[in-house]
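Remarks on the structure that follows.
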Amino acid sequence: MPQYEPQKTESEIYRLWEKSGFFNPDKLPKRHKKPFTIIMPPPNANGPLHLGHAIFVTLQDIMIRYKRMKGYKALWLPGADHAGFETQVVFEKKLEKEGRSRFQIPREQLYQEIMAFTLVNKKVMENQLKRLGASCDWSREKFTLDEDIIKIVYQTFEKLKKDGLLYKGKRVVNWCVKHQTSLSDVELKYEERKSPLYYVKYDVPELHLFITVATTRPETIPADVAIAVNPADNRYKNFIGKYAVNPLNNERILIISDKAVDKDFGTGALKITPDHDKADEEIFNRHPEIKKESKPVINFFGKMEGANMPVELLGLKIFEARQKAMEILRNNNRFNAEFAPEGIDENYINNAALCYKCGSQIEPLNLANQWFVKMTEKPKTGKFSLRDLAIKAVKSGKIKFIPKRFDKIFFHWMANIKDWNISRQIAWGIKIPDKDTTDVFDTWFSSGQWPFAALMSVKKDDFQKFYPTDVMETGSDIISFWVARMIMLGLYATGKAPFKTVYLHGLVRDTNKQKMSKSKGNVISPIEMSEKYGTDAVRMSLIVGNTPGSDPVVSEDKIRGYRNFANKIWNAARFVMMNLPENLQDMDAFAKKAEKSNVLKAEDKKVLKELAAMAKKTTKDMENFKFYSASECLYHYFWHIFADKIIESSKPRLIGKDTKDKLAAQYVLLEILKKTLILLHPFMPFITENIWQTMPQKNKNLLMIERWPGQR
RNA sequence: GCGCUCUUAGCUCAGUGGUAGAGCGUUCGAUUCACAUUCGAAAGGUCGUAGGUUCAAUCCCUACAGGGCGCACCA
C-alpha cells in the first residue's frame, strides 16, 4: 500500500511547473541573473520519441534544472525539425503501404501532405517531451520551417553568395537511384564488396601497341574521354600525348599524365570518365588538353542512355550493362590476361558507397545546378575560411568537447573536408532561392544555423541576451553532420561561436550491445517505460553509469531498479514527516528553533558534516558534467547512508522520552531530507517536487527554484 | 590505409602511481517496525597478453591480440 505511484501525479506536477511560468527565464525571480542557455537539438518531427531522445532530454533537463536552482536565468529553447530527407523517407514508406508513390504526386501536394504528417508528429513529440519532464520554455518553441527561420537561412545563403563562398555548377554528386536525390558525403555508408577488376586493352594505332586499363566498371567505357598515367611511370612515357581507341565506340581518346594516378594499382593506367566518377572529374577539370566533351551514359534511373554506345547496352540497368559490356569486350578479344586469369581479377574487393537510408549503391552522376559551399576558401570580406574559423575556435578553447577526445575526431574531419553540396532533389524542405531549380536545401544547411536562427526569431533581444549559448548537448554520431556545421555557420554568420561546450552522449544499446532499431525489434519506448515505472526511474536509468561519449546499455531491469529507488525515497520521506512534531506548519521555523536550542550531539554534527561533504562532491560533479557520478553518489547516499544507517539509528531516539534528543533527531532527518530532495531534483524532478509539495512550508514554494546547497 | 577509443567481479560500468569499487545478478539468512519495489550477511577479480620505466604499475611507455568508432579510398 505505501508505494509511490508516479502515474497518478506526474502530469499534475508538470502542470504545476508550467503554471509557475518558471520555464521562461524572463519570469524567474530576481535572484536569477546570469543567463544560461541550451538550445534543444530539435527532434525530427516524424515519429515518436525513442530512448536516444530520452537521453538528451534527461541530460539537458538536468543541466537546466541545476543551473536554474543555482540562480541562473536558465533558458532551454525547444524546437522541432522538419528533417528533410529523413522525414521524406519515413513518409515514402507510409505512401508505399498505401500503394502510392511520391513520383506520382504533384510536388506542391506532396509538400502539403508531408507538412500535415509532420505537424501531427510534432504535437505527439511535444507531449512526449513534457511526459519526460522537460523543463523547456514552450513560449519560445521554434520549428525549422517557421517563416522567420527560413528568412534567416536565406540571409545566410545571400551572405555566402556575396562572399564568394557559394558556387553553382555541373558536378558529380552521390546519386541515390531509389530516392532520386543526391546525398552529401556524410550521408553515405561503405561496405566491402567483391567487384571484379577488368583488364581492358585499348589500341594505340600510332605506336602499333595497346595500353591496358584496369576498371571495375566496363559499362562506363563509352563515356571515357581520356586515359591517364602517372608522369613518373616509365612504362608509359611514350604513350603520353598519343591517342587510344575506345574499345566500345571506337572514338579517339587522349592519353595524358597526372600524378593522381597510382603507378602500383592495376596496370598504372586509368580510364577517365568524368560523368561517372568524382576523381575522374577532378582530373578531367585540370587537363584542358582533353578537347573531348564528356557525355554521360547512365541516366538518373540507373539505366544506360546516350549516344556512342553499342546498341546492345541501351536501356539496360547498370549491372546488366556490365555483363553485356564484358561479353562484347571478350568477343572482341579486349581482355588482357597478362595481369589476371582471362583478364579478370574476380577476387578484387573494394568499398562500395551506399545510401545510408536504403543501402542501394550510389551512382556518381553529373548533375547541373548544384549548389556548393566552399569550405576551405576565404570569404571576400573575411580572413578565414569556414574550416579555419571552426578549427580556430576549438584550438583556442572557445569551444570545448566533452569528452575531450572528440576534438581529435573533429580536427580529423576538418582536415579532410570538401566542398559541401547543399542541393537536394526532394520536395520536403526549404526551397533554394534560385529560379533555375526546384531543389531544396540539405536539411543540415538550415539546422546548422539553428542556435542563432532560433534565438534571433523568437524575441527581439533574445539573441543579445542568450547568444552565444552555453552547452550543445547531442549524440556523438552527428558531430560531423551537425555540430561541425553549426560551429562553422555560427561563427561565419554571427562572428561568435554558437556554444561554449559540446557534450556528446553515445548511442543507446540493448543488453546485447545492439543498437536499438525498429527493424531489429529491440526498441524500448521511453514513454511506455514512464507509464510502467515512472519518468524519474527512466531518467535515472539513462544517467547512472552513462559516461559522456560512450554507449549506454539500457534494460528494463535497470529501470525497475530505479523505480525501487523512487519508492525508497517516497517511504523515507514519509517516515521523516510522520515523525515530525504534530501539526507542524513551518519546517523552516522548526529548523531555526532546533538550531538555536543547541541540542545536537556530536554524532548529529558528524552526520550533517558528511551531508555537506556529499553535497559539495555532487556540486563538483555537476560542474564537471559528471552526471553519471553525481547520480550514483546520491543514490548511494540516500539509500545506504540516509535510509539504512541514519534513519535506522534515529528510531529509538524518536520514540524515546528525552524531548531534546528527539528534537535533535527530527531536525537531522528533516535537514537531510530537504538537502537530498534538492540535490536529487535535477535527476528525479517529479518525485522530489511531489514530496516537497507535501512538506510543512509556510509559503508553498516550488522545489524547482529552491536554492542549490552553497548558493545564496 | 590514416586516426581515435575500449578490454577491471556472471552482466553493465566507475576508478586511482602505493592493501581493487558501485549497481544489477547469485547464494544464505531475517520478517507484523516508513518501504518485500524491504533488511542483514556472503561468495566472486593474477584489472586483455608480453615487455619496459619506477622503490612501487590496473593506472605511464612500447609491442601484440580482440572489440567499437571516425575519416579516406585505387580506377
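Relative to the six-membered ring of A:Phe210, A:Lys201 meets both conditions, a distance below 6.0 Å and an angle of at most 45° to the axis. Stacking of A:Arg387 on the aromatic ring of A:Trp413 is not recorded, the 6.0 Å distance cut-off and the 45° axial limit not both being met. Judged by the 6.0 Å distance and 45° axis criteria, A:Arg539 is not positioned over the aromatic ring of A:Phe683.
Nucleic acid contact class of A:Asp644 (heavy atoms, under 4.0 Å, all strands): sugar-phosphate only. Counting non-hydrogen atoms under 4.0 angstrom, A:Thr547 reaches the backbone sugars and phosphates but no base. A:Ile409 comes within 4.0 angstrom of sugar-phosphate atoms only, judged by non-hydrogen atoms across all strands, and of no base. No contact: A:Gly561 has no heavy atom under 4.0 Å from any strand.
Comparing atom distances between the A:Lys408 side chain and each of B:rC71, B:rU5, B:rC74 picks out B:rU5 as nearest. The listed nucleotides are B:rC24, B:rG3, B:rU38; the one nearest the side chain of A:Lys568 is B:rU38. Distance from the side chain of A:Ser550 is smallest to B:rA14 among B:rG3, B:rC73, B:rA14.
A donor-acceptor pair is defined here as one N or O able to donate and one able to accept, closer than 3.5 Å; no such pair exists between the side chain of A:Asp345 and the backbone of A:Ala340.
Between A:Phe401 and A:Tyr503, the distance from one ring center to the other does not fall under 6.0 angstrom.
The stretch residues 571-579 of chain A touches RNA chain B through A:Asn571, A:Ala572, A:Arg574, A:Phe575, each having a heavy atom within less than 4.0 Å of the strand.
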